[in-house]
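These numbers come from a predicted model, not from an experiment.
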Amino acid sequence: IFSGGLGFKIAIEGAFIGSLALTAYALGHHISHECAGTMCFAVLGLSQLFHSFNSRSNDSLFQIGLFSNKKLIASFMFCTLLSVITICIPALNIIFGTVPLATKEWLIVILLSILPIPIVEIQKVITKSS
């Protein structure tokens with residue numbers, strides 16, 4: 001199941017996503033410990049959701065079509081909504097230990113969360129050419 005370098009690929013991509021979450025924590029820590037934890041939580045969850053598009057195939061996401069899997073799109077939207085609700089609703093803030101994020105923090109979260117798509121796409125191009 002991990003033949004052909006799949007285990008190495010999983011480890012590298014996992015480490016990359018983990019580093020994105022830690023980057024979000026470091027950036028949010030300048031605001032507050034609670035903001036840092038919320039940003040880290042958001043990036044960890046959302047980057048996994050974005051990365052699910054990459055994980056569908058060894059072919060480029062743009063070759064197979066970004067919107068070709070309707071169930072993945074629906075799952076992505078539902079899980080993203082749940083993540084946003086967890087951060088934005090005060091009653092859930094208490095349960096999950098999150099705080100509402102300002103627009104600037106959301107922009108950082110979104111930027112960091114999307115990064116797995118271009119990075120893995122570049123990796124796919126390099127792997128195909130070698």
Would you indicate whether the side-chain heavy atoms of Ser75 and Phe78 approach each other to under 4.5 Å? no

Same cluster or not: Val99 versus Ile95, using hydrophobic residues (I, L, V, M, F, W, Y) connected whenever any side-chain heavy atoms lie under 4.5 Å apart? no

Please report the interatomic distance CD1(Ile110) to CG(Leu115), rounded to the nearest 0.5 Å. 12.5 Å

d(Ile12 CD1, Ile119 CD1) to nearest 0.5 Å is 12.5 Å

Verify the cluster assignment for Ile10 and Val120: are they in a single hydrophobic cluster under the rule of side-chain heavy atoms below 4.5 Å apart? no

Cluster overlap Tyr25 with Leu112, hydrophobic side-chain contacts below 4.5 Å: no

Between Ser52 (side chain only) and Phe76 (backbone N and O only), is there a donor and an acceptor less than 3.5 Å apart? no

Under a 4.5 Å cut-off applied to non-hydrogen side-chain atoms, are Gln63 and Ser57 in contact? no

Looking only at heavy atoms, which two atoms of Leu101 and Cys35 are closest? And how far apart? CD2-SG, 3.9 Å

Thr98 versus Thr38, closest heavy-atom pair with distance: CA-OG1, 3.3 Å

Quick one: CG on Leu44 to CD1 on Ile17, what's the gap to the nearest 0.5 Å? 8.0 Å

Indicate if Ile114 and Phe67 have the same hydrophobic cluster label, given that clusters are the connected sets of ILVMFWY residues with side-chain heavy-atom separations under 4.5 angstrom. yes

Could you tell me the separation between the CZ atom of Arg56 and the NE2 atom of His51, rounded to the nearest 0.5 Å? 13.0 Å

Same apolar cluster (I L V M F W Y, side chains within < 4.5 Å links), Ile108/Trp106: yes

What is the minimum heavy-atom distance between Asn58 and Lys128, and which atoms define it? O-CE, 3.6 Å

Nearest 0.5 Å please: distance from the OG atom of Ser55 over to the CG atom of Leu61. 10.5 Å

Minimum-distance pair of heavy atoms, taken over all atoms of Glu121 and Ser60: OE1-OG, 2.6 Å

Measure from the side-chain N and O atoms of Glu105 to the backbone N and O of Ala102, and report whether any donor-acceptor pair falls under 3.5 Å. yes

Of all the heavy-atom pairs spanning Cys88 and Pro90, show the shortest one and how long it is. O-CD, 3.4 Å

For Met39 and Gly28, which heavy atoms make the closest approach, and how far apart are they? SD-CA, 3.5 Å

Straight-line distance of Asn69 CG to Ile64 CD1, nearest 0.5 Å: 8.5 Å

